[in-house]
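In what follows, chains carry the letters A, B, and so on, assigned in the order in which the sequence lines appear, proteins first and then strands, with residues in each chain numbered from 1. Predicted model only: the values in this text are computed from it and were never measured.
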Amino acid sequence: MMARNISVCKYNAIMPLRSYSTSFSVKGKVGIRLNFENEVKCLDDAVTLFHRMVRMKPLPVFGQLFKTMINMKHYASVISLFREMRKLDIPIDEFILNNVINNYCLMHRVDCAFSLLPIYLKSGIPFDVVTFTTLIRGLFAENKVINAIVLFKKLVRDKICEPDEIMYGTVINGLSKRGHTQKTLSLLRLMEQGNTKPNIYIYNIVIDAFCKDRHLDAAINLLNEMKQKGIPPDIVTYSSLIDGLCKLGQSEKVKTLLSEMVNLNIYPDVYIFTMVIDGLCKEGKIEDAEEVMKHMVGKGVEPDIMTYNAIMDGYCLRGQLYRAKRIFDVLIGKGIEPSIFSYNILINGFCKEKKVAEAMQLFVEISQKGLKPDTVTYNTILHGLFEVGRIGDAKRVYAEMLSVGPKPNICTHSTVIDGYFRYGLVEEAMSLFKKLERKRENTNIAFYTVVINGLCKNGKLDEAHSVFEKLSLIGLPPDVRAYNTMITGFCLQGLLDEANSMLRKMEKNRCLPNNVTYNVFVQGCLRWSKFSEMRTFMKEMADRGFSFDASTAGFLVNVVRENPSVLDMIPELHSKNKY
DNA sequence: TTAGGGTTAG
């Protein structure tokens, strides 16, 4: 296979170029554009063509070659060819510069993209809306949201360039993908007052943001609004809405929207069918999902890897791993390449069922198939290995990840620290925790809760409490899980007063206790025979509409079995309706 | 040359 690719590349590179050229005229400039789209199949072709182009007279247009290389993701080579052009004194135009800026943005080097701006000034090339739209997208891609907005506002305020629909779309999309849904709506409203009116793209981005936030009412209001304004919704509008409704399990509304779009002659594509299939699978209705898959094939829409991934995940969620694996074999049989998601889904399925040997086999297969395990793969395997107590293997996999794998994220750190604590490796857990704190790694409240829980479970309540106390100081106010973990720690040690004052503290800090909070406290009372406190507490619990969970009920059964007089000490336990 | 929709992990 490889040998054939090389020979095709060499053949393409020596094709006579003149026969593929056309002349064009833009803004009064005449040039020769080479029509090579189907001829440049690999980097070799592109570089060979570049070296032929630089010798041509008159010089042809280079921008399209760069665009082709960007599409092939040969970003570093674009930069070296651009530098070569500069050395050869080949004139640069706005197409080349905009493409190189885009290239740097795609490399996540927006700083380098900005450093090209002086070339525009030196070469007398005016900045245009494309340049700035590309830079704004580059800033968003690196999560530099404030910089993106500052740049956008400066462009408008200083009248450097008039934003078009695409620039607005880029800003609104950047904001929506980073959780600023309300701001996307504000910008849409702002557009209504200006010269550039919101179009279908703008509406679709805002509708999608509301759907992702599960605010389907707001999304449907916008759908009606765009219809009223004479902007007809398209397949993307419907796909966002259908996905949002599927994720909320509102199958009746999904059916309504599906028939509405078909009435408008918009037919569901593989995206929409996959969303419906995924929604059904997540609800455990795989038989229905399989029916939808048959239906789509009947309509001439072929399932792709994401459709199969949804079905595989559905079977994994029901613990039917071997059916999931059969789907995996079927898609390979059909010539569909599994993605890293396919492997992750199966590995997760096997790990959840504690079949870690099978999971490890798939993990090894990933590299053999020319794919690379990603952070999710490592996190899933690490969790699976710790879960079954294969600590040595977990440590080996973690070391492999640190040396040759993807960069660990907060989920990796939480999994490893939790794993260490669970097997009493307190020193290793704390040393990793302190190292991450020193490096100012990204942390969140869930990560700290893992540490607090680990310390509590290993009898280090004071240390856990001091970590808990500093949470608000470092800008991570404890959530209900963090409070529950700390309350559990106090209850395990019999410090019921401290647990109670923690419960009052959470209410004072406007973090409402939940069913777990009360159950943890009740179990603490039972464990330490604090029956009078328990009676007071049970009343508060019932008043707030909470009840015993399965864990408390099991605990209670054991306590009563050992000491039946508990039932006399807590007469409320006879009241079956309440507890 | 620059904007919109689908899958996995703690």
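- Between B/dG10, B/dG6, B/dG5, one nucleotide has an atom nearer to the side chain of A/I410 than all others, and that is B/dG10.
- Looking at heavy-atom distances under 4.0 Å, A/L135 makes no contact with the nucleic acid at all.
- The residue A/I200 sits close to a base: some heavy atom pair falls under 4.0 Å.
- Regarding contacts with the backbone of B/dG5, every side-chain N or O of A/K212 stays at 4.0 angstrom or more from both OP1 and OP2.
- Among the protein residues, A/D304 comes within range of the nucleic acid bases, having at least one heavy atom under 4.0 Å from a base atom.
- Here A/V450 lies out of heavy-atom contact (under 4.0 Å) with every strand.
- Among the atoms of the strands shown, base atoms are found under 4.0 Å from some heavy atom of A/I235.
- Using a 4.0 Å heavy-atom distance criterion, A/S414 is classed as a base contact.
- Under 4.0 angstrom from either OP1 or OP2 of B/dG5 there lies no side-chain N or O belonging to A/K247.
- Between A/K282 and B/dT8, a side-chain N or O to OP1/OP2 separation shorter than 4.0 Å is present.
- The nearest whole Å value for the distance from the OH atom in A/Y271 to the C1' atom in B/dG5 is 7 Å.
- At whole-Å resolution of the value, CG in A/N309 and P in B/dT8 are 9 Å apart.
- Among the nucleotides B/dG10, B/dT8, B/dG5, the one closest to any side-chain atom of A/T415 is B/dG10.
- Counting non-hydrogen atoms under 4.0 angstrom, A/M306 reaches a base of the nucleic acid.
- If you check every strand for non-hydrogen atoms under 4.0 Å, A/I136 touches nothing.
- Across all strands shown, A/T380 has heavy atoms under 4.0 Å from sugar-phosphate atoms exclusively, and none from any base.
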